[in-house]
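Letters go in sequence order (proteins before strands), and every chain restarts at 1.
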Number of protein chains: 2
Amino acid sequence: MATLKDVAKASGLSVTQVSRALNNHSDVNEATRDKVKAVARSLHYSPNLSARKLVSGRSGMVGLVVPLMPDLASDGVFMEGVAGLSTQFSDRDMQFVLHVTRESEQAIIPVYKRLIGNGALDGFVLMHPDENDCRASYLAREGVPFVVHGRIGTDPDHAYFDIDNEGIFYDLTQHLTALGHRRIAFLNGLSWRTYVGARLRGYQRALRDAGIGPEQEIIRNGEMTEALGLVSSVELFAADGPTPTAVICGSVRIAKGVYQALNVLGLSIPQDVSVLAHDDHLSQIQTAAFFPALSVSDAPLSESWKPLADCLADAIAGADLADVQRIGSHQIILRHSTAAPRR
Amino acid sequence: MATLKDVAKASGLSVTQVSRALNNHSDVNEATRDKVKAVARSLHYSPNLSARKLVSGRSGMVGLVVPLMPDLASDGVFMEGVAGLSTQFSDRDMQFVLHVTRESEQAIIPVYKRLIGNGALDGFVLMHPDENDCRASYLAREGVPFVVHGRIGTDPDHAYFDIDNEGIFYDLTQHLTALGHRRIAFLNGLSWRTYVGARLRGYQRALRDAGIGPEQEIIRNGEMTEALGLVSSVELFAADGPTPTAVICGSVRIAKGVYQALNVLGLSIPQDVSVLAHDDHLSQIQTAAFFPALSVSDAPLSESWKPLADCLADAIAGADLADVQRIGSHQIILRHSTAAPRR
DNA sequence: AAAAGCATCCGAAACGTTTCGGAACTGTTA
DNA sequence: TAACAGTTCCGAAACGTTTCGGATGCTTTT
């Protein structure tokens with residue numbers, strides 16, 4: 001492999017200047033810079049990461065550590081995310097690597113310890129955080145850069161990219177209260193996920209703002225599957241007494257289950273029940289193909305890899321905290337699954 | 001992070017001797033070695049991979065590069081394999097990393113080029129090889145160590161771990177010919193997989209040895225799913241004329257489809273049709289729970305990660321080719337799905 | 001004419017490790 | 001007593017890169 005010295009010799013410059021030229025430093029003549037780069041290319045020069053790491057402290061490698069879980073492989077999202085991050089970091093001349101471990105989620109700290117101890121990795125991506133996430137506190141304590149997909153706590157002191165879960169679910173709920181709904185069911189995800197808590201806060205705040213007390217909250221938690229939508233709907237709508245007039249679903253999958261249940265129960269959408277969902281474009285289900293077409297909040301997860309990579313790269317470069325805390329955009333798409341409640 | 005120099009200072013020795021002590025070199029006193037190791041541990045010393053790589057040429061990191069494919073995520077095996085390799089290499093004080101790329105299978109060479117160009121990785125694991133695998137020829141040409149899960153061609157000149165696919169399917173076929181079967185169907189995998197070719201050769205050789213000509217071969221190729229077993233069985237057994245008296249299945253999944261089809265067609269196992277399969281313990285299907293219990297050749301894939309890691313580690317260490325070409329063991333488990341053909 | 005500023009370059013040190021060549025002992029043999 | 005072998009240790013060089021502190025020459029200002 002060609003080294004800096006080879007390039008220096010071939011271009012008649014010092015190693016120093018060649019290094020500065022290739023790294024786009026200020027004090028090198030434009031013409032020399034171009035020449036050096038041409039020579040480097042012709043020699044197939046590729047910087048030795050180990051040498052670079054040794055002196056600069058940066059290897060240009062970042063990683064994601066995940067415990068092997070049964071649902072991991074079946075989770076199509078996961079691989080999609082890994083590939084997305086991989087290409088994003090490639091575009092930044094960085095390497096993204098995945099480390100799958102058999103260790104349980106609790107015993108995962110030593111894995112990080114090894115990985116940062118020998119200095120192979122510059123930083124980490126953390127997915128699926130939970131409140132009091134031990135990985136985050138460990139990395140923060142060690143001073144290792146990392147970025148979280150999501151947020152830990154309100155007002156976190158770490159780099160993150162997240163969508164405005166609270167705001168989104170405030171908007172969804174508020175849309176229903178504005179239509180006159182007062183008994184609004186919320187089929188949320190697993191309670192220990194941070195985003196589930198945020199969504200709950202948004203829902204509750206919107207209810208409060210509409211003068212609906214907490215005693216009127218109708219909430220179900222569970223894995224975000226069709227089964228949750230199905231079972232919850234049957235429970236809620238087949239019961240005696242006042243039933244909800246609207247349902248907010250944490251995912252399109254859940255909404256699909258709700259549609260099935262309401263169909264079986266002979267309830268029509270939106271006349272009898274309004275349905276809303278959040279669409280992260282994860283499931284392959286086309287929301288427009290629902291009948292009636294499903295109204296959703298729309299925030300594709302696939303658009304998060306780029307900002308996520310940006311945040312980590314900037315965090316490693318030592319950017320200010322405020323610059324590496326970013327919120328994705330979202331929109332509400334109204335179709336035909338909501339209406340004013342029957343009176 | 002503690003460095004060698006710190007350990008040297010703390011133990012009153014030179015950096016040289018500390019290095020030699022930690023790496024178990026010969027010319028260091030037993031007592032000093034123990035003392036040095038104790039000090040290193042107490043200082044939480046962990047060798048800097050970059051520095052080591054720089055001088056010794058080894059980083060202790062190996063990788064697996066895979067293109068992002070839709071079937072990848074759903075493939076439970078894949079993740080299992082990644083985790084298996086990860087733990088195996090961890091046990092050898094090496095790091096195993098996965099690089100998922102969006103590049104197509106053809107355009108994957110540049111990814112390897114980048115990864116070895118900057119010297120981050122010592123070697124690679126190659127999965128799912130095909131005949132004339134371009135990755136293998138590239139890596140061989142570049143002199144980069146790699147190990148193949150499977151074999152490329154007969155008599156390959158690369159490191160590999162494989163099971164004796166030809167021998168296994170020779171044995172399965174031969175078991176049937178010995179019982180008197182002469183029309184033996186073979187439901188094999190996708191034809192471009194190397195192991196599919198090897199299995200075919202075993203099947204054909206056993207037929208030839210039993211005096212059964214190639215015109216009597218009954219072969220189907222396809223993805224190794226229940227569907228293949230189902231569809232093929234219906235085609236083969238619902239046809240007019242002489243039908244097979246036995247079926248060899250490339251996987252337990254296929255066999256499950258065969259069982260279903262034969263049940264529907266009113267054919268009983270093993271009286272009307274004998275069924276055999278190869279079990280790699282991939283699908284969660286219990287072969288003993290088949291009715292009648294399925295006879296199989298047994299070679300758990302999960303046992304291949306250790307030898308695979310061994311081979312690559314040895315290949316990087318510069319072992320002889322013969323020492324890094326290994327064949328796994330297998331056994332034939334006879335249960336109740338085969339019998340002599342009805343005459 | 002001297003001083004100051006600028007653009008462009010370079011030598012040398014540093015990062016943490018391994019390894020080559022040899023040194024300093026001890027004990028053994030001629 | 002000298003030569004030798006064996007054991008245990010160490011200094012210094014090397015790996016390929018970045019970066020600090022300065023050097024050189026040229027232009028502009030005082």
Side-chain angles (χ1 to χ4, degrees), chain A residues 1-37 39-40 43-61 93-94 116-122 316-318, chain B residues 1-37 39-40 43-61 93-94 116-122 316-318:
Chain A
M1 258 302 150
T3 73
L4 259 198
K5 215 194 295 187
D6 300 327
V7 180
K9 209 167 295 177
S11 55
L13 285 168
S14 73
V15 172
T16 304
Q17 208 57 2
V18 171
S19 170
R20 301 179 66 82
L22 292 176
N23 292 327
N24 296 315
H25 278 234
S26 57
D27 63 350
V28 37
N29 190 312
E30 188 97 19
T32 0
R33 193 206 316 279
D34 292 346
K35 196 183 69 182
V36 167
K37 284 192 176 176
V39 172
L43 289 180
H44 298 112
Y45 170 76
S46 159
N48 184 311
L49 287 192
S50 303
R52 172 176 290 175
K53 164 86 194 184
L54 198 54
V55 56
S56 71
R58 308 247 173 77
S59 66
M61 284 186 103
D93 280 320
M94 300 173 74
I116 64 179
N118 55 37
L121 263 40
D122 290 346
I316 290 172
Chain B
M1 258 304 147
T3 73
L4 259 198
K5 214 194 300 188
D6 299 328
V7 180
K9 208 167 296 176
S11 55
L13 285 169
S14 73
V15 172
T16 305
Q17 207 58 0
V18 170
S19 170
R20 302 181 64 82
L22 292 177
N23 291 326
N24 295 314
H25 279 235
S26 57
D27 63 348
V28 37
N29 190 312
E30 187 96 20
T32 13
R33 193 206 316 278
D34 291 348
K35 195 183 69 182
V36 167
K37 286 192 175 175
V39 171
L43 289 180
H44 298 114
Y45 169 76
S46 159
N48 184 311
L49 287 193
S50 304
R52 170 178 290 175
K53 163 87 194 181
L54 198 53
V55 55
S56 71
R58 308 252 172 75
S59 67
M61 284 187 102
D93 280 319
M94 299 174 75
I116 65 178
N118 55 36
L121 262 40
D122 290 345
I316 290 172

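Among the protein residues, A:D27 comes within range of the nucleic acid bases, having at least one heavy atom under 4.0 Å from a base atom. Across all strands shown, A:S50 has no heavy atoms under 4.0 Å from either base or sugar-phosphate atoms.
At distances below 3.5 Å, not a single donor-acceptor pair connects side-chain atoms of A:K53 with backbone N or O atoms of A:A120. At distances below 3.5 Å, not a single donor-acceptor pair connects side-chain atoms of A:T32 with backbone N or O atoms of A:V28. Here the side chain of B:S11 pairs a donor or acceptor atom with the backbone of B:V7 at under 3.5 angstrom.
Closest to the B:A51 side chain, of the nucleotides C:dC9, C:dT17, C:dT18, is C:dT17. Comparing C:dT17, C:dC15, D:dC10 by their closest approach to the side chain of B:L13 singles out D:dC10. For A:V15, the side-chain atoms get nearest to D:dT18 when compared with the rest of D:dC9, C:dT17, D:dT18. Considering only side-chain atoms of B:Q17, the nucleotide from D:dC9, D:dT19, C:dG16 that sits closest is D:dC9. Side-chain proximity of B:L4 to the nucleotides C:dT18, D:dT17, D:dC9 is greatest for C:dT18.
Distance, A:N23 CG to C:dC9 C1': 16 Å, rounded to whole Å. Going from atom NZ of A:K9 over to atom C1' of C:dC10 covers 16 Å, rounded to whole Å. Distance B:K53 NZ to C:dG16 P: 19 Å, rounded to the nearest Å. Counting to the nearest Å, the C1' atom of D:dC9 and the CD atom of B:E30 are 16 Å from each other. Atom C1' of nucleotide D:dC15 and atom CG of B:N48 are separated by 13 Å, given to the nearest angstrom. With rounding to whole Å, A:L22 atom CG is found 13 Å from C:dC9 atom P. Rounded to whole angstrom, the span from the NE2 atom of B:H25 across to the C1' atom of C:dT17 amounts to 11 Å. The CG atom of A:L54 sits 12 Å away from the P atom of C:dT18 (whole-angstrom rounding).
Counting only Watson-Crick and G-U wobble pairs whose two key distances fall under 3.5 Å, DNA chain D forms stems of three or more stacked pairs at C:1-30 with D:1-30.
Judged by distance alone, the side chains of B:K37 and B:N24 do bring a donor and an acceptor atom under 3.5 Å apart. Side-chain polar atoms of B:D122 and B:S59 form a donor-acceptor pair below 3.5 angstrom.
A residue-by-residue look at A:S19 and B:T32 shows that B:T32 has its nearest nucleotide of DNA chain D further toward the 5' end. Positionally, the nearest nucleotide of DNA chain C for A:R20 lies more toward the 5' end than for the other of A:R20 and B:S56.
Side-chain contact check for B:T3 versus B:D6: some heavy-atom pair is nearer than 4.5 Å. Using a 4.5 Å cut-off on side-chain heavy atoms (C-beta onward), A:T16 and A:H25 make no contact. A 4.5 Å side-chain heavy-atom check between B:R52 and B:N23 finds at least one atom pair inside the cut-off.
In this model, the phosphate group of C:dT19 is not approached by any side-chain N or O of B:T16 to a distance below 4.0 Å at OP1 or OP2. When the side-chain nitrogen and oxygen atoms of B:S14 are compared with OP1 and OP2 of D:dG11, none of them lie within a distance under 4.0 Å. Between A:N29 and C:dT8 there is a side-chain N or O to OP1 or OP2 distance below 4.0 Å.
Under 3.5 Å, the side chain of A:T3 and the base of D:dT17 form no donor-acceptor pair of N or O atoms.
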